[in-house]
Protein chains: 2
Amino acid sequence: MAAASTRHNIIEIADDLFYRGGFEATSFADIAVKASISRGNFYYYFKTKDEILNAVIDRRLRRTRTMLDGWEAQAPKPRERIVAFIELLIANRAPIMAHGCPVGTLCAELAKLDHVHQERAAEIFGLFAHWLEEQFRALGADEAAREWALHVLAWSQGVASLATALKDGDFIRREVADITTWLDGRIASLSN
Amino acid sequence: MAAASTRHNIIEIADDLFYRGGFEATSFADIAVKASISRGNFYYYFKTKDEILNAVIDRRLRRTRTMLDGWEAQAPKPRERIVAFIELLIANRAPIMAHGCPVGTLCAELAKLDHVHQERAAEIFGLFAHWLEEQFRALGADEAAREWALHVLAWSQGVASLATALKDGDFIRREVADITTWLDGRIASLSN
DNA sequence: GCATGATTTGGACAATTGTCCTAATCATGC
DNA sequence: GCATGATTAGGACAATTGTCCAAATCATGC
């Protein structure tokens with residue numbers, strides 16, 4: 001296999017295992033077995049565990065940007081774009097109930113480990129926050145744009161967190177409906 | 001030292017280390033060193049790591065009940081009781097920014113580990129949810145009590161989660177103010 | 001002050017961890 | 001078809017993990 005594709009394959013599998021089992025609990029051996037390569041070959045691509053983590057965070061940053069760009073391309077109205085974000089909770093509710101939000105749980109774990117890459121992981125939140133802020137700004141919310149963006153982000157995180165603990169999928173549906181109602185209320189308040 | 005107090009001391013230190021560094025990342029050795037006992041003595045009290053985790057969850061459940069009872073004793077009005085819960089976020093904002101919410105992060109980690117005790121840990125959320133529900137019921141919110149209780153809980157979780165990632169203490173203050181405003185809005189809606 | 005059980009000690013244990021190395025195998029250009 | 005560099009394999013390594021044990025020390029009742 002070409003080097004680039006092997007490398008890509010390792011990152012993809014590490015990404016998935018980090019999400020499902022956590023960063024610390026996932027070993028070199030776990031990734032190597034799942035990627036069907038030897039541990040020695042693994043070392044050829046990544047010298048340390050932090051290097052893989054770094055690559056995984058890079059991948060998530062890239063994929064997040066792609067997803068956000070996709071929503072902008074597909075939905076012309078800012079409201080529909082924000083709704084697309086909120087409904088991620090519904091689309092991913094099975095994995096969320098099993099393993100939580102990929103962003104939130106990684107940030108939480110790295111905070112506990114006091115890991116050097118915790119700020120980089122938090123950048124994924126930064127992407128969402130900035131993008132949501134832009135959407136609210138496009139809706140006409142100038143001063144409140146940042147605040148509302150963080151609010152939507154925090155709300156989603158809370159829903160994911162509680163859904164993981166309580167294993168309640170209906171709760172996600174209800175909260176998503178509430179967030180949407182809140183959003184429309186904000187939008188309505190702008191035209192006054 | 002008496003056996004009961006040694007045991008209690010171990011649990012107390014394990015509780016703190018689990019919170020600050022996570023369950024998996026905290027080793028028997030870490031706890032033993034911090035508790036100033038030998039690893040052998042540790043084994044005298046707890047045969048497996050799951051046993052300590054179980055004891056720590058028990059302690060957290062007990063302390064949560066005590067805290068909730070305390071709020072009920074100190075504040076006669078349900079609104080003030082709920083506000084006391086919300087303001088936990090402010091009182092504990094330094095540790096929250098460093099290590100997240102003790103309940104949410106433990107539940108998230110145990111979910112990833114697919115740990116047998118994950119339901120027991122989620123019971124701590126259950127205590128808060130049930131207590132908040134009772135307060136809303138006392139305010140006159142019958143049908144909505146459960147929904148509002150879970151909403152407050154999720155909101156708090158989201159604030160903690162984002163504050164940990166962004167290391168933003170002011171964000172906590174703003175969101176706590178928003179939750180309080182929301183609460184008063186709900187209360188006002190009940191008297192109509 | 002002796003006997004008994006509770007408590008503590010220090011280390012053994014097999015397994016697993018992240019890291020690192022050497023030798024083999026592969027692909028490619030000439 | 002040979003030489004060269006990229007890729008892979010397999011295992012060594014010291015450290016750490018959770019678990020477990022036998023022997024020593026302690027406290028207490030008689």
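Naming: A, B, ... by sequence-line order, numbering from 1 per chain. When reading the values below, keep in mind they use all heavy atoms of this one structure, side chains included, and skip hydrogens, waters and symmetry mates. Bear in mind that the values here come from a model prediction, so they are computed numbers and not experimental data.
Side-chain polar atoms of B:Trp131 and B:Glu72 form a donor-acceptor pair below 3.5 angstrom. No side-chain donor-acceptor contact under 3.5 Å links A:Trp148 and A:Glu133. Judged by distance alone, the side chains of B:Gln135 and B:Lys77 never bring a donor and an acceptor atom under 3.5 Å apart.
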- For A:Asp142 and A:Arg137, run salt bridge (charged side-chain N to carboxylate O under 4.0 Å, His left out): C-alpha distance rounded to whole Å, both residues' side-chain angles, the deciding distance at 0.1 Å, then the answer. CA-CA 5 Å; A:Asp142 294 328; A:Arg137 216 173 287 277; 5.0 Å; no

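A distance-only check finds a donor-acceptor pair linking the side chain of B:Asp30 to the backbone of B:Ser27 [under 3.5 Å].
Near DNA chain D, meaning a heavy atom under 4.0 Å from it, residues 24-33 of chain B has B:Thr26, B:Ser27, B:Phe28 in order of number.
Candidate nucleotides C:dC21, D:dA6, D:dT19 were compared by shortest atom distance to the side chain of A:Tyr44, and D:dA6 ranks first. Between D:dT19, D:dT7, C:dT8, one nucleotide has an atom nearer to the side chain of A:Tyr45 than all others, and that is D:dT7. Taking the side chain of A:Lys49 as heavy atoms from C-beta on, and the options C:dT19, D:dG18, C:dT8, the nearest nucleotide is C:dT19. Of the candidates C:dT19, C:dT9, D:dC20, C:dT9 carries the atom nearest the B:Ser38 side chain, counting heavy atoms from C-beta on.
In secondary-structure terms, DNA chain D builds stems of at least 3 consecutive Watson-Crick or G-U pairs, each pair having both distances under 3.5 Å, at C:1-30 with D:1-30.
A cation-pi contact, defined as under 6.0 Å to the ring centre and within 45° of the axis, links B:Lys49 to B:Phe23.
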Please write out the pairs of protein N or O atoms and N or O atoms of nucleotides 13-15 of chain D separated by less than 3.5 Å, giving the distance to one decimal.
none

